[in-house]
Every structure is written in C-alpha cells, then in structure tokens.
Amino acid sequence: MQTQNIEADDTSISDHMPSTLRTHLVKTLRSQILSGRYKPGDRLNESQIAREFNISRIPVREALSQLQEQGLVMNHERRGMFVIQLSSDEVQQINSLRLVLEAEAMRLARARMTPEILAELTELVEQMEAWDGPLIDAAALDRKFHAVIWHAAGNPYLERTLNSLTTSLFAHKALEHVSQEIRRWRLNHHRALLDLVSGGNDDDPQFALLTHLRMAYSEPERFSSLALTDAHRG
C-alpha cells in the first residue's frame with residue numbers, strides 16, 4: 001500500500017500521530033546511524049529526511065532532537081544536525097574528567113553497596129561476558145554497568161553530571177566499527193571494576209578506572225593531573 005503523503009500543517013501532524021511516528025523515526029534513524037549509512041560527521045538534512053519518509057519536517061525535527069539527547073547527534077548552530085563526531089582531544093578531555101568523577105562514584109558505591117546493587121552489577125557483567133550479538137547491544141550493556149555504579153553513589157548531582165558528560169562519548173564509541181572480538185575483549189574487563197566496587201579488593205578506584213579506560217582508549221589520562229605526574233617522573 002502506498003504511503004500517504006503527510007504534508008499537512010504542523011498542528012495536524014502533531015495531533016494525529018505524535019508518538020508513533022516519532023518513535024518510528026528515532027528507531028529508523030538510529031539504526032541507519034549505527035549501521036554506517038550515516039557516518040560520523042555527516043549532516044542530517046531535515047528536509048531530505050522528511051522527503052524520504054514522505055512526511056512533514058516537524059516529526060523529523062523532534063526525532064533528531066531525541067537522538068541529540070541520546071548523544072548520537074550534535075547540533076551545530078546555524079549549520080544543522082550532524083552525526084556525533086568527537087576529536088581525539090575531545091575524547092580524552094572527557095575521559096580525564098571521568099577519571100576524577102567516576103572514581104569518586106566508585107568509592108561512594110563501594111561504601112554504599114547493597115546485595116541488590118551487587119546482584120544487578122553481577123548480572124550485567126555476566127551478560128557482557130556472554131555477549132555475542134549486535135554491537136549496539138554491547139555499547140548499551142557497557143553504559144548500563146557504569147550508570148548503575150553512578151546511581152549507587154547516592155549523589156544525584158554526581159550521577160547527572162556523569163550521564164551528561166559521557167552521553168556523547170558512549171555514542172561516539174558505539175559508532176566505532178570494531179570487530180566482535182575486540183568488543184568482546186573490552187566487555188570482559190568489567191569484572192575487575194565489579195570486584196573493586198563490591199569490596200573484593202582495595203585497589204585505588206582512579207587507577208583501576210584508568211586501566212579499564214586504556215582497554216578502549218589511547219592515553220585517556222592525557223588531559224588529567226595523572227599525565228602531569230607521569231611527565232614530572234619522567
């Protein structure tokens with residue numbers, strides 16, 4: 001059946017199919033971004049997408065805004081929406097802040113650990129170690145594990161800051177087209193963090209996190225005081 005042209009005014013579109021159309025667009029555009037149809041740095045032309053789906057620009061704009069909240073899309077003022085693309089410096093600047101903020105969250109989570117939180121983290125680690133599916137599922141499991149720790153810290157301001165800080169970073173990493181073997185290898189390094197926050201060892205959270213980040217990033221400490229310390233020792 002031919003798709004009906006929905007070139008009506010903005011009000012009628014919002015009234016008739018506000019959530020279903022937007023949800024479909026978000027799911028489809030997200031899939032196209034993650035599959036590589038749209039590459040990092042590509043412009044997402046609102047009018048072109050609207051023509052492709054034979055709809056008004058309003059639901060397209062709403063869908064792109066939702067993808068921006070998820071970190072997959074960035075809004076460049078006066079230029080439009082683009083697929084997320086972070087420079088090497090931007091990635092490591094974010095990671096340098098993570099080394100400070102997430103290490104604090106790990107200390108707090110370890111002090112406030114409960115059997116329920118431990119069970120949730122353990123289940124996530126087991127899922128990661130058994131993972132053999134789509135890359136986006138691996139990225140979601142990775143982020144969920146860290147988000148549970150941030151929440152367990154018990155400081156909503158710290159949790160919100162980490163969520164906001166890392167949204168684009170995790171999205172950027174999800175778009176990295178690496179092999180299943182590399183992704184699986186990275187996922188299998190979360191048990192060390194689980195042992196730390198559960199009290200299984202007394203390692204320094206910051207250095208444990210640095211070791212963890214080095215599995216996926218080159219010099220994640222480049223813009224942190226840890227790099228200054230290493231340079232001074234050198």
State plainly whether one hydrophobic cluster holds both [X] and [Y], where clusters connect Ile, Leu, Val, Met, Phe, Trp and Tyr through side-chain heavy atoms under 4.5 angstrom apart.
{"X": "L209", "Y": "F207", "result": "yes"}
{"X": "L213", "Y": "L101", "result": "yes"}
{"X": "F53", "Y": "L44", "result": "yes"}
{"X": "M215", "Y": "L210", "result": "no"}
{"X": "M74", "Y": "Y38", "result": "yes"}

Please list all pairs passing the ring-ring contact (aromatic ring centres under 6.0 Å, His included) test where one or both residues lie in residues 95-132, with sequence neighbours left out.
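Not a single pair qualifies under ring-ring contact (aromatic ring centres under 6.0 Å, His included).
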
[X] side, atom [atom1]; [Y] side, atom [atom2] - distance, nearest 0.5 Å:
{"X": "L196", "Y": "N201", "atom1": "CG", "atom2": "CG", "result": "5.0 Å"}
{"X": "D42", "Y": "Q32", "atom1": "CG", "atom2": "CD", "result": "11.5 Å"}
{"X": "Q92", "Y": "E219", "atom1": "CD", "atom2": "CD", "result": "7.5 Å"}
{"X": "R214", "Y": "E221", "atom1": "CZ", "atom2": "CD", "result": "4.5 Å"}

Between [X] and [Y], is any pair of side-chain heavy atoms under 4.5 Å apart?
{"X": "V73", "Y": "I33", "value": "yes"}
{"X": "R222", "Y": "D89", "value": "yes"}
{"X": "Q70", "Y": "V26", "value": "yes"}
{"X": "R37", "Y": "S31", "value": "no"}
{"X": "I55", "Y": "L25", "value": "yes"}

Distance-minimising heavy-atom pair for [X] and [Y]:
{"X": "A109", "Y": "I149", "answer": "CB-O, 3.8 Å"}
{"X": "I84", "Y": "G71", "answer": "CB-O, 3.4 Å"}
{"X": "A50", "Y": "S56", "answer": "CB-O, 3.9 Å"}
{"X": "N95", "Y": "P220", "answer": "CB-O, 3.6 Å"}
{"X": "F82", "Y": "R79", "answer": "CZ-NH2, 3.6 Å"}

With sequence neighbours left out, what residues match [X] under side-chain hydrogen bond (donor to acceptor under 3.5 Å, both in side chains)?
{"X": "D132", "value": "R184"}
{"X": "Q68", "value": "none"}
{"X": "R183", "value": "none"}
{"X": "S218", "value": "none"}

R110: partners by salt bridge (Lys or Arg N to Asp or Glu O under 4.0 Å), with sequence neighbours left out
none

Would you please name every residue forming a ring pair (Phe, Tyr, Trp, His ring centres under 6.0 Å) with [X], sequence neighbours left out?
{"X": "Y217", "result": "none"}
{"X": "H24", "result": "none"}
{"X": "H190", "result": "F145, H146, H212"}

Please list, chain by chain and in numerical order, all residues satisfying side chain to side chain contact (heavy atoms under 4.5 Å, CB included) with Q206, sequence neighbours excluded.
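Side chain to side chain contact (heavy atoms under 4.5 Å, CB included) list for Q206, sorted by chain: L99, V100, A103, R107, D204, L226.
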
Output yes when a side-chain donor or acceptor of S224 lies under 3.5 Å from a complementary backbone atom of L97, and no otherwise.
no

Test side chain to side chain contact (heavy atoms under 4.5 Å, CB included) on T211 and D203 and set out the steps.
CA-CA 11 Å; T211 299; D203 292 348; over 6 Å; no

Side chains of residues 151-171: which donor-acceptor partners sit under 3.5 Å, not counting sequence neighbours?
{"residue": "H151", "atom": "ND1", "partner": "E159", "partner atom": "OE1", "Å": "3.2"}
{"residue": "H151", "atom": "ND1", "partner": "E159", "partner atom": "OE2", "Å": "3.2"}
{"residue": "N155", "atom": "OD1", "partner": "Y157", "partner atom": "N", "Å": "3.0"}
{"residue": "N155", "atom": "OD1", "partner": "L158", "partner atom": "N", "Å": "3.2"}
{"residue": "T161", "atom": "OG1", "partner": "Y157", "partner atom": "O", "Å": "2.7"}
{"residue": "N163", "atom": "OD1", "partner": "R143", "partner atom": "NH2", "Å": "3.2"}
{"residue": "N163", "atom": "ND2", "partner": "E159", "partner atom": "O", "Å": "3.2"}
{"residue": "T166", "atom": "OG1", "partner": "R143", "partner atom": "NH1", "Å": "3.0"}
{"residue": "T166", "atom": "OG1", "partner": "L162", "partner atom": "O", "Å": "2.7"}
{"residue": "T167", "atom": "OG1", "partner": "R143", "partner atom": "NH2", "Å": "3.4"}
{"residue": "T167", "atom": "OG1", "partner": "N163", "partner atom": "O", "Å": "2.6"}

Start with the C-alpha distance between L29 and L72, add both sets of side-chain angles, then the distance that settles side chain to side chain contact (heavy atoms under 4.5 Å, CB included), and finish with yes or no.
CA-CA 10 Å; L29 291 172; L72 286 174; over 6 Å; no

What donor-acceptor contacts under 3.5 angstrom involve side-chain atoms of residues 117-127, with partners at least two apart or in another chain?
{"residue": "T122", "atom": "OG1", "partner": "L118", "partner atom": "O", "Å": "2.7"}
{"residue": "E123", "atom": "OE2", "partner": "Q127", "partner atom": "NE2", "Å": "3.4"}

